[in-house]
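A short write-up of the structure that comes next.
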Amino acid sequence: MSPPDDVVDAAMGRALGLAAAAQEWGDTPIGAVVLGPDGAVLAEAANEREKRGDPTAHAEVLALRAAAGVHGDGWRLTGATLVVTLEPCTMCAGASVLARVERVVYGADDPKAGAAGSLWDVVRDRRLNHRPQVTGGVRAEESATLLRAFFRRKRGL
C-alpha cells in the first residue's frame, strides 16, 4: 500500500528543497525521495551529474541506490514510492522498474525526455515484468518554475 497523499506531498516538498540545493553546485534542479511502504523516508538525493562528473548521477538513481541499502529486501524496493520533481528519463524510469518500486510520483512533465508517459512510457510497458503505479503533476508548477528559472539563468536570459 502506498503512503497517503499528505505524506507524498511532504516528500515532494523535501524533493523540491533538494532540487533547489542542486543548483548550488551547478546541477539541474531535480530532487528525489524514496518512501518506504509506511511512508518513512528511506533515502533522498539531488542531481549530482556535474558534482560527480557522472552521467548516471541523476537524483532518482542516487536515491534508489541509497534506499536499496536500507530497505531490508536487498535491491528490491518492494512497496516503495519514488517521489521526484521531474518526470523520470528512460534511465531513471528503467531503474524504478528494475528496483520493483511500487509507485512513481513526479512533479513536472518532461516532454523532451520523460519516460513515464510524456515521450515514452517505460514504467507502464506491458512487455516488462514490473509496472509501477504512476502519479504525475504533484506540485508540478513549483517544479517547473524551479527548472525554468535555472535554465533562464544558465542561458543568461
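This chain uses plain numbering: 1 for the first residue, then up along the sequence. Keep in mind that what you see is a predicted model, and the values were worked out from it rather than measured.
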Is there a chain of hydrophobic side chains (I, L, V, M, F, W, Y, each step under 4.5 Å between heavy atoms) that links [X] to [Y]?
X      : Y      : value
Leu16  : Val105 : yes
Val138 : Val34  : no
Leu98  : Val123 : no
Trp75  : Val101 : no
Val84  : Val122 : yes

Minimum heavy-atom separation for [X] to [Y], with atom names?
X      : Y      : value
Leu35  : Val83  : CD1-CG2, 4.1 Å
Phe151 : Thr28  : CZ-CG2, 3.9 Å
Asp38  : Ala40  : OD1-N, 3.0 Å
Leu62  : Ala45  : CB-CB, 3.6 Å
Gly31  : Ala19  : N-CB, 3.5 Å
Ala144 : Ala108 : N-CB, 4.0 Å

List in chain and number order the residues that pass side chain to side chain donor-acceptor pair (under 3.5 Å) with [X], two or more places apart in sequence or in another chain; answer none if no residue qualifies.
X      : result
Arg52  : Glu48
Asp125 : Arg127
Asp27  : Trp25

Reported [atom1]-to-[atom2] distance for the pair [X] and [Y], which is rounded to 0.5 angstrom:
X     : Y      : atom1 : atom2 : value
His58 : Leu64  : NE2   : CG    : 12.5 Å
Glu87 : Trp120 : CD    : CH2   : 10.0 Å
His71 : Arg100 : NE2   : CZ    : 13.0 Å
Glu24 : Lys51  : CD    : NZ    : 9.0 Å
Leu42 : Leu82  : CG    : CG    : 11.0 Å
Cys92 : Leu86  : SG    : CG    : 9.5 Å

(message) Keeping Gln23 on the side-chain end and Ala20 on the backbone end, is there a donor-acceptor pair under 3.5 Å?
(response)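 Yes: the side chain of Gln23 pairs with the backbone of Ala20.
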(request) Would you check if the side chain of Asn47 reaches a backbone N or O of Ala59 as a donor-acceptor pair within less than 3.5 Å? (result) yes
(request) Decide yes or no for Pro132 and Val104: does some side-chain heavy atom of the first lie under 4.5 Å from some side-chain heavy atom of the second? (result) yes
(request) Check whether any side-chain heavy atom of Arg103 sits under 4.5 Å from a side-chain heavy atom of Ser96, and report yes or no. (result)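 Counting from C-beta outward, Arg103 and Ser96 never come under 4.5 Å.
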(request) Let me see the working for Arg49 and Asp54 under salt bridge (Lys or Arg N to Asp or Glu O under 4.0 Å), right down to the final yes or no. (result) CA-CA 5 Å; Arg49 293 182 308 168; Asp54 178 354; over 6 Å; no
(request) Kindly give the cluster partners of Met91, where membership spreads through any ILVMFWY side chain lying under 4.5 Å from a current member. (result)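 When side chains under 4.5 Å apart are linked, the cluster holding Met91 also contains Val61.
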(request) Could you list the residues that satisfy salt bridge (Lys or Arg N to Asp or Glu O under 4.0 Å) with Arg14, not counting sequence neighbours? (result) Glu44
(message) Please list all pairs meeting salt bridge (Lys or Arg N to Asp or Glu O under 4.0 Å) that have one or both residues in residues 144-157, counting only residues at least two apart or in different chains.
(response)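 Of all non-adjacent pairs touching residues 144-157, those that pass salt bridge (Lys or Arg N to Asp or Glu O under 4.0 Å) are Glu141-Arg148.
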(request) Kindly indicate, with the supporting measurements, whether the criterion side-chain contact (heavy atoms from CB on, under 4.5 Å) is fulfilled by Glu102 and Thr78. (result) CA-CA 6 Å; Glu102 181 177 321; Thr78 309; over 6 Å; no
